[in-house]
Engineer: 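Okay, handing you the structure first.
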Protein chains: 2
Amino acid sequence: MTVPGLRERKKQRTRDALVRVALELFTTQGFDRTTVDEIADAVDVSQRTFFRYFATKEDVAFAVQQMVEERFVRALAERPAEEGPLDAMRNAVLGSWDTIGEAIVEVVPVDLHLRTYQMIESTPALLAAHLRRSTEMEETLAQLIAEREGVDVDEDPRPRIAVAAFSGVMRVTGQLWGRSENPTLESIRALTEHYLDHLAPALEPHWRS
Amino acid sequence: MTVPGLRERKKQRTRDALVRVALELFTTQGFDRTTVDEIADAVDVSQRTFFRYFATKEDVAFAVQQMVEERFVRALAERPAEEGPLDAMRNAVLGSWDTIGEAIVEVVPVDLHLRTYQMIESTPALLAAHLRRSTEMEETLAQLIAEREGVDVDEDPRPRIAVAAFSGVMRVTGQLWGRSENPTLESIRALTEHYLDHLAPALEPHWRS
DNA sequence: TTGTCAATTGTCAGTGACTGACACTAGCCT
DNA sequence: AGGCTAGTGTCAGTCACTGACAATTGACAA
């Protein structure tokens with residue numbers, strides 16, 4: 001763990017600045033009404049440099065999201081083996097929400113991240129990218145679950161199915177939260193818990209009130 | 001049901017031609033290696049005209065998919081009221097697969113459609129668009145299910161959850177089928193059925209072999 | 001400290017998706 | 001036949017993104 005050289009630190013600063021400025025502009029003006037030139041100019045680098053840090057304009061919007069997802073995956077990997085698949089995933093997300101603050105502030109304020117998430121959900125191009133990224137993570141999750149349970153992910157359909165169902169619920173809550181008038185950390189946590197509680201009942205062959 | 005005028009027929013022919021040529025080019029050369037100019041030139045219209053028919057280059061790739069989805073929604077709406085939510089959706093898709101042929105041939109051969117679906121699954125930009133379109137359909141489905149069961153879609157979380165879980169399984173099967181070496185109508189049908197059978201077991205708190 | 005190497009960056013030119021404006025052509029309708 | 005209007009082509013422009021090349025600047029050995 002040596003201190004990275006000047007070159008590395010400079011790169012990190014540029015990258016962080018690009019993320020912060022981009023998210024600030026995206027959340028205030030909107031994603032489509034923000035050009036890459038604007039972002040680059042604000043950080044005082046060339047447009048070409050922007051694209052050396054981020055392959056696409058969309059990518060910069062997911063820089064923080066990226067960290068959150070990695071965090072969740074790690075949390076899942078650390079869940080005790082006794083927990084069933086669904087419980088493990090449930091506890092991993094909820095646990096992630098609880099400690100999200102500390103991890104994020106280093107790059108952007110939590111508040112900005114929440115606004116960014118809302119923007120992603122309400123911007124068609126970003127929502128599409130978000131969903132695709134999610135499916136990639138789902139493959140990782142399925143692998144993890146399969147290992148935990150000691151089954152072959154290509155023989156037993158249950159890992160992918162469980163992950164798909166779980167992710168489906170997460171997606172729904174994410175969307176509902178994005179539209180809500182009070183988008184706080186607490187509200188998404190509560191919503192997620194509430195919806196996960198209803199996963200099994202929703203799949204009953206018949207619903208009775 | 002009067003015969004549409006010459007103007008309308010001409011428009012329809014141009015549109016169909018654009019779809020056919022586009023899908024042919026996409027599936028042979030790849031989506032990214034096909035330019036809009038190429039498609040327009042092949043149909044002998046200007047690029048500007050292409051964009052009057054399709055808002056984006058992606059849209060033309062989903063022209064057939066669009067029909068398939070509408071078909072599925074209609075099939076679900078016509079399911080007998082006694083069927084539970086999951087059964088209704090299951091029967092609606094499987095029924096759709098069975099009669100898909102007749103509906104599609106009018107515009108493109110079934111074979112081209114299957115290849116198109118594979119291309120969508122393997123092209124990142126299209127996969128993203130596909131997933132986003134799916135979430136839009138899911139909202140429609142949730143509404144339908146809620147009506148069938150006589151519950152309020154904004155009060156009772158079950159409709160959206162059931163749809164999300166179901167769609168999650170459909171997405172997984174779609175992806176696995178896209179990667180398979182033998183992508184036929186029969187194989188996707190069988191795969192779908194097999195996976196849907198395992199939805200409930202996959203959500204059990206504990207898996208026992 | 002200095003000189004060399006390699007990583008970063010800026011500039012420039014080009015491609016391709018997409019849009020607005022405007023003129024033109026061809027069905028449609030009286 | 002002739003006017004109306006939907007549909008089309010042309011043109012110019014914006015913006016995301018890329019390859020090539022030259023200039024700069026840390027890193028590191030002599």
Engineer: Please, which pairs that meet ring pair (Phe, Tyr, Trp, His ring centres under 6.0 Å) have at least one residue in residues 14-48 of chain A, sequence neighbours excluded?
Structural biologist: A/F26-A/F31

Engineer: Rounding to a whole Å, what distance do you find between A/R52:CZ and D/dT24:C1'?
Structural biologist: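 Checked: the CZ to C1' distance equals 12 Å.
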
Engineer: Considering only residues two or more places apart or on different chains, which pairs with a residue in residues 119-132 of chain B satisfy side chain to side chain donor-acceptor pair (under 3.5 Å)?
Structural biologist: B/Y117-B/E121, B/R132-B/E136

Engineer: Output all residues satisfying side chain to side chain contact (heavy atoms under 4.5 Å, CB included) with A/V107, sequence neighbours left out; order by chain, then residue number.
Structural biologist: A/D16, A/V19, A/M67

Engineer: Expressed in angstrom and rounded to an integer, what is the separation of B/F51 atom CZ from D/dA12 atom P?
Structural biologist: 19 Å

Engineer: If a pair satisfies side chain to side chain donor-acceptor pair (under 3.5 Å) and one of its residues is in residues 17-27 of chain B, list it, with sequence neighbours excluded.
Structural biologist: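 Counting only pairs at least two positions apart or across chains, the side chain to side chain donor-acceptor pair (under 3.5 Å) contacts touching residues 17-27 of chain B are B/T27-B/R115.
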
Engineer: Restricting to salt bridge (Lys or Arg N to Asp or Glu O under 4.0 Å), what partner residues turn up for A/R71, sequence neighbours left out?
Structural biologist: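 Salt bridge (Lys or Arg N to Asp or Glu O under 4.0 Å) check on A/R71 returns nothing, list empty.
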
Engineer: Taking side chain to side chain contact (heavy atoms under 4.5 Å, CB included) as the definition, give me every residue that meets it alongside B/A88, ordered by chain and number, with sequence neighbours left out.
Structural biologist: B/L76, B/R79, B/E83, B/R148

Engineer: Using a heavy-atom cut-off of 4.0 Å to chain A, what are the terminal contacting nucleotides of DNA chain C, in 5' to 3' order?
Structural biologist: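 Boundary nucleotides touching chain A, in 5' to 3' order, are C/dA6 to C/dT11.
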
Engineer: Can you tell whether the side chains of A/R90 and A/D197 come within less than 4.0 Å, N to carboxylate O?
Structural biologist: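 A/D197 and A/R90: salt-bridged.
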
Engineer: Are B/E8 and B/K11 close enough for a salt bridge, meaning some N to O gap below 4.0 Å?
Structural biologist: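 A salt bridge links B/E8 with B/K11.
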
Engineer: Salt bridge (charged side-chain N to carboxylate O under 4.0 Å, His left out), that's the test. Do B/E149 and B/R158 meet it? Break it down for me.
Structural biologist: CA-CA 10 Å; B/E149 301 290 325; B/R158 290 176 301 173; over 6 Å; no

Engineer: Could you work out, with side chain to side chain contact (heavy atoms under 4.5 Å, CB included) as the rule, every residue matching B/A146, not counting sequence neighbours?
Structural biologist: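 For B/A146, the residues satisfying side chain to side chain contact (heavy atoms under 4.5 Å, CB included) (neighbours in sequence not counted) are B/V151, B/V153, B/P159.
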
Engineer: Hey, are B/E78 and B/R74 close enough for a salt bridge, meaning a charged N less than 4.0 Å from a carboxylate O?
Structural biologist: no

Engineer: Short of 4.0 Å, heavy atom to strand atom, which residues of residues 36-49 of chain A count as contacting DNA chain D?
Structural biologist: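 Within this stretch, A/V36, A/Q47, A/R48 sit under 4.0 Å of the strand.
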
Engineer: Do any of residues 7-16 of chain B sit with a heavy atom less than 4.0 Å from DNA chain D, and if so which?
Structural biologist: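 B/R7, B/K11, in order of number.
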
Engineer: Please list, by residue number, the residues of residues 122-135 of chain B whose heavy atoms come closer than 4.0 Å to an atom of DNA chain C; answer none if no residue qualifies.
Structural biologist: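 The answer is none.
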
Engineer: In whole angstrom, what separates A/F50's CZ from D/dT18's P?
Structural biologist: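 Going from CZ in A/F50 over to P in D/dT18 covers 11 Å.
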
Engineer: Between B/R171 and A/E138, does any NZ, NE, NH1 or NH2 come within less than 4.0 Å of an OD or OE carboxylate oxygen?
Structural biologist: yes

Engineer: Please tell me if B/Y53 has a side-chain N or O lying less than 4.0 Å from either OP1 or OP2 of D/dT8.
Structural biologist: yes

Engineer: In chain order, what residues pass the salt bridge (Lys or Arg N to Asp or Glu O under 4.0 Å) check against B/D32, with sequence neighbours excluded?
Structural biologist: none

